[in-house]
Amino acid sequence: MIGAVPFGLLAACVVVLVPMAMAGYHLSRKKMLFFSGALFITLAIGVHLTPYFPSVNDFVTTVSSVVVFENRRDSCLSHLHDVVWEVTPSPNFNALDNNTVNYDKSWAWPSSFAVSACGFQKLGRFDASDLLNGSWVVVAGDSQARLVALSLLSLVLDSGPLEKVNKDLFKRHSDYQIVVGEIGMRLDFIWAPYTVNLTNLVSKFKRNRNFPDVLVMGSGLWHMLHFTNASDFRVQLQSLRRSAASLLPVSPETVSERPETISASGSGSARTPHLFWVGMPTLINSMLNTEEKREKMTDVMRGEYDKELQKSKLLRKSGGPLWLLDIESLSWNCGVRCTVDGMHYDMRVYEAVLHIMLNALLIESHQKL
């Protein structure tokens with residue numbers, strides 16, 4: 001027995017195909033007229049058949065919108081580090097002292113079409129506070145991570161409280177915690193100079209079933225100085241990758257899916273954290289302040305550590321769980337005039353890192369300010 005829908009399709013085909021065949025027979029000598037008639041009849045077929053496939057239009061619309069969004073998101077994320085620098089002599093420039101304080105630095109995203117279409121923005125205090133309202137942010141690692149934490153606090157705090165933060169945050173090799181009461185944001189800085197320290201930290205979060213909303217981690221400089229073994233560094237990174245990937249609700253190969261919002265985890269929360277990796281900076285060997293550093297932290301060794309980072313597949317671009325905050329490229333482009341010791345850079349560099357991270361959070365949580 002023929003169902004209603006198949007019967008309707010059959011009837012539609014008879015109605016439109018028979019006239020098409022007749023038109024082709026009678027108009028075959030007049031090709032232009034034939035093709036015009038064929039086009040008209042083809043459109044008629046579409047009109048007759050569309051009602052019987054209501055899901056097709058919905059499917060195409062849904063798939064195309066998802067693909068467009070995903071492509072645009074990935075494209076914008078890839079352009080976040082396209083930062084241009086302007087480094088100029090300061091009004092009090094001293095030609096005899098080629099120090100970073102002699103230069104004024106500023107940075108911006110270029111005005112190219114691809115970057116402009118993404119709508120990147122330097123967030124002010126109000127917007128950053130709105131984005132991070134009620135969030136728990138953990139920054140863990142060495143001095144590079146500490147400077148990222150300082151940059152964040154410099155954005156959301158007034159100058160008065162920030163003076164005390166500077167004093168407490170930079171106590172040698174110590175942890176630091178602060179709650180910004182106005183926005184309910186908690187920030188923990190955890191001194192963790194080695195990758196194994198970071199792995200232990202992630203394991204602690206899992207044991208307690210209590211995860212931060214934003215987890216920013218980074219290491220490598222201490223390992224390079226005290227172990228000088230790039231392959232061992234990769235092994236530690238792979239262990240961290242496995243531990244960090246288990247925080248996500250999907251496999252490491254599909255970690256591009258991210259949580260929809262940023263808000264406080266709270267005790268016992270299963271919310272997925274946003275994971276970032278603070279890359280190592282460009283090292284200017286001649287400016288390093290000890291002989292041991294100049295001997296061990298060479299350009300060649302720095303390159304080996306970078307290769308092993310890529311091999312570890314810790315980073316999102318290689319299928320891992322952490323999105324790279326590329327201090328290397330930012331510090332390289334800012335240049336030698338942005339550092340006093342060839343390792344730690346002017347706060348403008350870490351400001352750029354922070355705003356790249358905040359814009360990534362906006363993109364990945366589908367939010368607009």
Side-chain angles (χ1 to χ4, degrees), residues 80-112 115 120-129 139 141-173 176 178 180 187 189 218 221 278-294 297 299 302 325-359:
L80 270 172
H81 286 90
D82 294 351
V83 167
V84 293
W85 288 92
E86 183 176 357
V87 182
T88 57
S90 65
N92 299 321
F93 179 79
N94 181 357
L96 299 178
D97 184 10
N98 192 32
N99 194 291
T100 180
V101 298
N102 275 324
Y103 298 92
D104 294 328
K105 302 100 178 173
S106 62
W107 63 274
W109 284 286
S111 56
S112 64
V115 175
F120 300 146
Q121 54 186 309
K122 293 184 181 181
L123 275 64
R125 179 174 300 169
F126 176 81
D127 286 336
S129 298
V139 182
D142 54 21
S143 56
Q144 299 296 313
R146 193 193 300 271
L147 289 167
V148 174
L150 176 61
S151 183
L152 173 56
L153 292 175
S154 298
L155 181 59
V156 299
L157 290 175
D158 294 325
S159 57
L162 189 59
E163 291 182 10
K164 186 175 186 305
V165 166
N166 266 297
K167 179 180 178 181
D168 294 340
L169 182 60
F170 283 87
K171 288 180 179 177
R172 186 172 177 80
H173 305 166
Y176 177 77
I178 185 174
V180 184
L187 182 139
F189 171 75
L221 293 175
V278 179
M280 289 189 290
T282 298
L283 297 176
I284 304 175
N285 185 265
S286 62
M287 297 182 68
L288 299 177
N289 55 18
T290 69
E291 182 61 34
E292 183 183 16
K293 289 178 181 177
R294 290 189 291 271
M297 306 176 82
D299 291 341
R302 173 66 177 80
L325 299 174
D326 191 2
I327 293 183
E328 180 182 12
S329 67
L330 295 170
S331 56
W332 172 267
N333 291 327
C334 192
V336 67
R337 293 172 293 181
C338 294
T339 179
V340 295
D341 63 2
M343 180 185 299
H344 303 97
Y345 282 77
D346 188 272
M347 283 305 299
R348 286 292 184 185
V349 171
Y350 303 98
E351 175 192 281
V353 171
L354 173 66
H355 284 281
I356 287 170
M357 184 185 79
L358 294 178
N359 277 267

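Along the sequence shown, the residues carry numbers beginning at 1.
- Between A128 and V156, the closest heavy-atom pair is CB-CG1, 4.4 Å.
- With sequence neighbours excluded, no residue satisfies side-chain contact (heavy atoms from CB on, under 4.5 Å) with N92.
- Here M297 contributes atom CE and E292 contributes atom CD; the two are 9.5 Å apart, rounded to the nearest 0.5 Å.
- With S331 contributing its side chain and T282 its backbone, the two residues share a donor-acceptor pair below 3.5 Å.
- Between L221 and L283, some side-chain heavy-atom pair lies under the 4.5 Å cut-off.
- Looking only at side-chain heavy atoms (C-beta outward), C334 and V83 stay at 4.5 Å or farther from each other.
- Side chain of N333 to backbone of V84: no donor-acceptor contact under 3.5 angstrom is found.
- Across all non-hydrogen atoms, the minimal contact from P110 to V115 is O-CG1, 3.5 Å.
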I would like to know whether F189 and L153 meet side chain to side chain contact (heavy atoms under 4.5 Å, CB included); could you show each step before the answer?
-> CA-CA 11 Å; F189 171 75; L153 292 175; over 6 Å; no
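- Ion pairing of R337 with D346 is absent here, as no side-chain N (NZ or NE/NH1/NH2) approaches a carboxylate O to less than 4.0 Å.
- In this view, F170 and R146, L147, L150, N166 satisfy the side-chain contact (heavy atoms from CB on, under 4.5 Å) rule, not counting sequence neighbours.
- Under the 4.5 Å side-chain criterion, counting only non-hydrogen atoms from C-beta, L325 is not in contact with L354.
- Side-chain atoms of E351 do not come within 3.5 Å of backbone N or O of L155 as any donor-acceptor pair.
- Around CD of E163, the count of heavy atoms belonging to other residues, nucleotides or ligands within 6.0 Å does not exceed 12.
- In terms of heavy atoms, S90 sits closest to V101 at OG-O, 3.8 Å.
- The side-chain heavy atoms of L358 and Q121, taken from C-beta on, include no pair separated by under 4.5 Å.
- Residues satisfying the side-chain contact (heavy atoms from CB on, under 4.5 Å) criterion with S286, sequence neighbours excluded, are I284.
- Residues passing the side-chain contact (heavy atoms from CB on, under 4.5 Å) test with D326 are H81, L324, E328, S329, sequence neighbours excluded.
- A pairwise comparison of heavy atoms in V87 and C338 identifies CG2-SG, 4.1 Å as the closest pair.
- Identified under the ring-ring contact (aromatic ring centres under 6.0 Å, His included) test for residues 334-358, with sequence neighbours left out: W107-H355.
- Counting only residues at least two apart or in different chains, salt bridge (charged side-chain N to carboxylate O under 4.0 Å, His left out) contacts with residues 81-95 are absent.
- I178 is listed as a side-chain neighbour of L157, based on a closest heavy-atom distance under 4.5 Å.
- Here the shortest heavy-atom pairing between V139 and A145 reads CG1-O, 3.2 Å.
- The shortest heavy-atom contact between L330 and W85 is O-NE1, 3.4 Å.
- Checked by atom type and distance alone, the side chain of K105 pairs as donor or acceptor with a backbone atom of T100 at under 3.5 Å.
- Residues I356 and W109 are in side-chain contact: their nearest non-hydrogen atoms beyond the backbone lie under 4.5 Å apart.
- Contact annotation: the side chain of P91 approaches that of D104 to within less than 4.5 Å [non-hydrogen atoms, C-beta and beyond].
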Stepwise, does the side chain to side chain contact (heavy atoms under 4.5 Å, CB included) test hold for V340 with N289?
-> CA-CA 9 Å; V340 295; N289 55 18; over 6 Å; no
